[in-house]
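Since the structure is predicted, the reported quantities are computational estimates derived from the model, not experimental observations. Heavy-atom basis, side chains included; hydrogens, waters and symmetry copies ignored.
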Amino acid sequence: MVVHSQSAALDHCSLIKTCKPTTSVFKGIPVVDLRDPEAKTLIVKACEEYGFFKLVNHGVPMEFFTRLEAEALKFFNLPQSDKDKAGPPDPFGYGVKKIGSNGDVGWVEYLLLNTNPQITSLKSLTVFRETPEIFRSAVNDYIQAVKRMTFEVVELMADGLKIEPRDALSRLLRDEKSDSCFRLNHYPPCPELQALGGRNLIGFGEHTDPQIISVLRSNNTSGLQICLRDKTWVSVPPDQTSFFINVGDALQVMTNGRLRSVRHRVLAESMRSRVSMIYFGGPPLSEKIAPLASLMAKGEESLYEEFTWWEYKTSAYKSRLGDYRLGLFEKKTGGAAGQ
């Protein structure tokens with residue numbers, strides 16, 4: 001994804017949405033120290049208020065970050081013809097600009113990889129075949145470390161919510177049939193942004209993540225924004241040493257709306273590339289997604305129709321990125337969870 005001239009760049013951008021600039025950098029991002037004795041309480045509070053928090057003192061070695069980032073950049077800096085051998089995505093594999101199959105585009109190229117060794121993805125195998133062994137090693141080391149940390153986070157979340165058993169969430173991610181995946185996003189610099197009349201170019205459009213939980217780490221380039229409850233978009237200060245945790249749609253349903261999935265997007269930068277790596281923790285395809293019994297008060301009704309993860313995932317793949325996907329699964333009587 002290399003563009004050499006301004007006219008060519010603007011032509012490449014022609015189908016990509018823009019938005020008004022957002023000047024507010026949000027200083028109120030909740031920060032949770034994983035080793036804090038109060039972590040379980042702080043995690044729940046952050047997820048109730050924002051569906052999002054920054055995790056520090058997480059125990060994942062910094063060398064895993066830097067090694068994977070370096071190897072990812074080596075891949076993204078390959079000639080386009082070499083990268084295209086790992087695409088088009090099915091959904092796994094290499095993709096550029098096109099996000100999904102329903103018309104969404106962004107200033108991004110990416111690798112989407114399967115994290116379940118029980119499921120063979122030919123495109124994932126192609127990616128590793130076209131890259132040195134060190135790339136596969138870097139990906140595997142990183143994913144295994146992040147998985148262990150994520151299991152700990154969701155078990156602390158369960159403790160804070162008084163969910164019984166405490167592995168009600170983590171067992172879904174640990175399951176050998178867990179439908180989890182891993183994404184490497186590369187947002188190249190776009191020096192021609194000034195030609196867009198002061199508007200920002202969308203790198204990855206606004207959306208919520210459908211899974212249970214998403215774990216994001218990026219380099220020190222800004223671009224990530226979240227939407228607050230009052231519909232205000234705010235920029236999240238980057239921190240390459242920490243993780244940012246997102247509540248997903250499935251977790252919103254499992255907590256009957258108590259924890260809310262966070263709407264977020266990424267904007268392109270004019271001078272610096274952004275590299276992000278995201279682990280999406282999903283349940284097995286056959287898992288029924290419904291409010292957890294231990295969270296429901298006496299007489300409380302579910303806000304959602306029961307569905308399997310496969311049904312929700314299938315529905316999400318048919319939607320546009322910015323659609324309110326849970327709307328199709330809200331009960332029409334007794335009040336709706338709302339967007």
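Counting heavy-atom neighbours within 6.0 Å of Met62 CE, excluding the residue itself, gives a total above 12.
One N or O on the side chain of Asp104 and one on the backbone of Leu321 form a donor-acceptor pair closer than 3.5 Å. A donor-acceptor pair under 3.5 Å is formed between the side chain of Thr314 and the backbone N or O of Trp310. Within the 3.5 Å criterion, the main-chain N or O of Asp323 finds no donor-acceptor partner in the side chain of Ser319. Between the side chain of Ser137 and the main chain of Glu133, no donor-acceptor pair closer than 3.5 Å is present. At least one donor-acceptor pair closer than 3.5 Å links the side chain of Thr150 to the backbone N or O of Val146. The main-chain N or O of Pro188 is found under 3.5 Å from a side-chain atom of Trp107 such that the two form a donor-acceptor pair. A donor-acceptor pair under 3.5 Å links the side-chain atoms of Asn219 to the main chain of Ser273, judged by distance alone. Under the 3.5 Å distance criterion, the side-chain polar atoms of Arg217 are matched with a main-chain donor or acceptor of Gln240.
Note that CG of Leu172 is 13.5 Å distant from NZ of Lys177, once rounded to the nearest 0.5 Å. Between Leu113 atom CG and Arg136 atom CZ the span is 10.0 Å, to the nearest 0.5 Å. A distance of 9.0 Å separates NZ of Lys147 from CG of Leu173, quoted to the nearest 0.5 Å.
Residue Glu109 forms a side chain to side chain donor-acceptor pair (under 3.5 Å) with just one option from Lys83, Gln80, Lys97, and that option is Lys83.
The aromatic rings of Tyr94 and Phe75 sit perpendicular to each other, their planes meeting at more than 60°, with 30° as the lower class boundary. Ring geometry, Phe65 versus Phe243: the interplanar angle exceeds 60°, so the pair is classed perpendicular (tilted spans 30 to 60°). Using the six-membered ring where Trp is involved, Phe329 and Phe307 have ring planes that are tilted, between 30° and 60° apart.
Contact check on Asp167 versus Arg174 returns no salt bridge, with no Lys/Arg side-chain nitrogen under 4.0 Å from an Asp/Glu carboxylate oxygen. Residues Arg148 and Glu152 are not paired through a salt bridge, judged by the lack of any N-O separation under 4.0 Å between the basic side chain and the carboxylate.
No hydrogens or angles considered: nothing links the side chains of Gln144 and Asn140 as a donor-acceptor pair under 3.5 Å. Residues Asn256 and Arg258 bring no donor and acceptor atom of their side chains to less than 3.5 Å of each other. A donor-acceptor pair shorter than 3.5 Å cannot be found between the side chains of Tyr279 and Gln211. Using modelled atom types, one finds a donor on one side chain and an acceptor on the other under 3.5 Å when comparing Ser222 with Glu269. Counting only N and O atoms by type, the side chains of Glu155 and Ser170 include a donor and acceptor under 3.5 Å apart. A donor and an acceptor atom, one from each side chain of Asp209 and Ser214, are located under 3.5 Å apart. In the model, Glu164 has no side-chain atom that pairs as donor or acceptor with a side-chain atom of Ser294 under 3.5 Å. Side-chain contact, Tyr304 with Gln252: a donor N or O sits under 3.5 Å from an acceptor N or O.
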Worksheet item: Could you walk me through whether Ile163 and Leu295 pass the side-chain contact (heavy atoms from CB on, under 4.5 Å) check?
Response: CA-CA 6 Å; Ile163 294 172; Leu295 274 181; 3.8 Å; yes

Could you go through the side-chain contact (heavy atoms from CB on, under 4.5 Å) check for Met149 and Leu34 one step at a time? CA-CA 9 Å; Met149 180 204 72; Leu34 191 56; 4.0 Å; yes

### Query
After noting the C-alpha distance and the side-chain angles of Val108 and His186, does the key distance pass the side-chain contact (heavy atoms from CB on, under 4.5 Å) rule?
CA-CA 6 Å; Val108 64; His186 178 229; 6.0 Å; no

**Message:** Go through it in stages, so that I can follow the logic: the residues are Glu63 and Tyr142, the test is side-chain hydrogen bond (donor to acceptor under 3.5 Å, both in side chains), and I'd like the CA-CA distance, side-chain angles, deciding distance and then a yes or no.
**Reply:** CA-CA 9 Å; Glu63 66 189 76; Tyr142 179 87; over 6 Å; no

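In terms of hydrophobic clustering, with Ile, Leu, Val, Met, Phe, Trp and Tyr side chains grouped at heavy-atom distances under 4.5 Å, Ile278 and Val56 are assigned to different clusters.
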